[in-house]
Amino acid sequence: MTTIADITAADHADMLGAIRSLPSQFRVGRDAAAIRREAIAARTASSPGALVVCGMGGSGVGADLLPAVFDTDVPVVGVKGYDLPSWVNEQDMVVCVSYSGNTAETLSCFAQANDSHHVTAAVITSGGKLAELAQQAEVPWVEVPGGLQPRAATGVLFGALATVASACGAVGGSDHVDDVLDECAKGVQTVVDQHPVDVDPTTLPGLVAARDLAGCVVVIYGAGATAPVAWRWKAQVNENGKLPAFANSYPELDHNEIVGWTRFAETGAKVGVVELLPPDASEAVRARFDITKDLIGESASVVLRYEATSQSKPAALFELLAHGDFVSAYLALDAGIDPSPVDRIESLKERLGGR
Ligand code: PA5
């Protein structure tokens, strides 16, 4: 019989512990940003244009989640690359997020925002070059605690980003943000509670799903607010699970990807599909999930559907996100692989030499 010790043996850097700490992380991030609130607000234009959030990988996911979780007062645009969009001007606010503070793309965006446009609201980082540059330029540095994998610090980074966004006038006042962050924490907690450390591991929903998906290319489908959660699942299956995964969203996938499944058998691949129903799914969206599953379902080895039990949208989205965190960690651990190291990313960054 598989024991919990067998499952966690490869978890040398305690990824499961980091996932379990997610509910408490939101307030840590909120507090780190709250002490910079006035400095950030002082840099904001009286009527801010867009909020531009620059960040890669685990540090970039907040840019996608922010407009899904909050009803934002201004457009929020995520930048996952070296360059700011050409339209960015003094009315806009740029936030640069890099957990390590040493990611080349984010440093490049910081340089562009700060040197050319003077619109940098804040940086969110545990240190590194980004902290150094922010201090030199007197840009508020929201200092988050280090020591985790960036993607395992999602609660901290999201709490910090939401608080910075509030200081910039993008998502409502601090009380509202605190309430929403508490909801996010509750949503994660419902999933943490389903993964106690002292039970027969084969009853853990994350492990059960990981075993269903074992050996599969994982394809994750969301819709509306769950589109960025699907993307997060994909990145977690990639980085924690070290497996190929792809994400797409309804209704767009019904206009192209659904046809691509027609000749699926010729690929010889084994695919597991994960469906993330949005909390506010309309009848039309629900029908799309059902009919598409009918049309493609027999090609997939397994189709797993997730529907949140949490009532509020923030809680529901983070509930679905947390399922992906557990499943991705168990995908690695059940194969005897440590979910934490991302050697490919490290060696790529090294070979790029800071470019
Ligand atoms: O989670 C990870 O390890 C990666 O996705 C990183 O977040 C990504 O490489 C960017 O690094 P950083 O978050 O330090 O800017």
Side-chain angles (χ1 to χ4, degrees), residues 11-19 21-22 25 28-29 32 52-66 78-83 94-113 120 122-134 141-161 164 228-245 247 321-322 324-329 331-332 337-355:
D11 196 9
H12 304 298
D14 196 18
M15 179 58 78
L16 287 174
I19 298 170
S21 79
L22 267 177
Q25 288 187 14
V28 174
V52 181
V53 183
C54 310
M56 307 301 297
S59 292
V61 67
D64 307 324
L65 290 170
L66 196 73
V79 173
K80 294 169 198 289
Y82 289 94
D83 297 310
V94 177
V95 184
C96 294
V97 189
S98 168
Y99 190 69
S100 66
N102 292 319
T103 296
E105 298 92 320
T106 315
L107 291 169
S108 163
C109 288
F110 177 83
Q112 289 178 19
T120 323
V123 303
I124 300 172
T125 180
S126 65
K129 188 95 187 126
L130 189 58
E132 243 173 67
L133 292 172
W141 168 22
V142 174
E143 183 178 1
V144 293
L148 292 171
Q149 288 292 321
R151 62 193 178 281
T154 295
V156 178
L157 294 174
F158 190 74
L161 178 62
V164 169
V229 184
W231 185 262
R232 160 72 174 190
W233 262 74
K234 170 232 163 340
Q236 291 293 77
V237 172
N238 293 151
E239 292 188 61
N240 289 343
K242 332 286 179 212
L243 283 167
L321 179 147
D325 282 13
F326 276 108
V327 172
S328 65
L331 273 169
I337 293 166
D338 187 347
S340 292
V342 279
D343 297 345
R344 284 265 163 101
I345 297 178
E346 296 310 328
S347 78
L348 178 84
K349 283 182 178 176
E350 204 179 302
R351 285 170 69 176
L352 282 166
R355 283 173 287 173

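Start at 1 and go down the list; that is how both ligands and their atoms are numbered. These numbers were taken from a predicted model, which means no experiment stands behind them.
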Less than 4.0 angstrom from a charged side-chain N to a carboxylate O is my criterion; do Asp64 and Lys80 meet it?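 Yes, charged N to carboxylate O under 4.0 Å.
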Under the 3.5 angstrom rule, does the side chain of [X] hit a backbone N or O of [Y] as a donor-acceptor pair?
| X | Y | value |
| --- | --- | --- |
| Thr125 | Ser98 | yes |
| Tyr99 | Leu157 | no |
| Arg151 | Ser340 | yes |
| Tyr82 | Arg355 | yes |

Give the single entry among [options] that approaches [atom] most closely by any heavy atom.
| atom | options | answer |
| --- | --- | --- |
| atom 12 (P) of ligand 1 | Thr154, Asn102, Thr103, Leu157 | Thr103 |
| atom 4 (C) of ligand 1 | Glu239, Lys349, Lys80, Arg151 | Glu239 |
| atom 13 (O) of ligand 1 | Ala152, Gly101, Ser59, Ser340 | Ser59 |
| atom 14 (O) of ligand 1 | Gly58, Cys54, Ser100 | Ser100 |

List every atom of ligand 1 that sits less than 4.0 Å from any heavy atom of [X], numbering the atoms from 1 in the order shown and giving each element.
| X | answer |
| --- | --- |
| Ser98 | 12 (P), 14 (O), 15 (O) |
| Met56 | 7 (O), 8 (C), 10 (C) |
| Gly57 | 5 (O), 7 (O) |

Just wondering, more than 12 heavy atoms not from Trp231 lying within 6.0 Å of its CH2?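 Open: at most 12 neighbouring heavy atoms sit under 6.0 Å from CH2 of Trp231.
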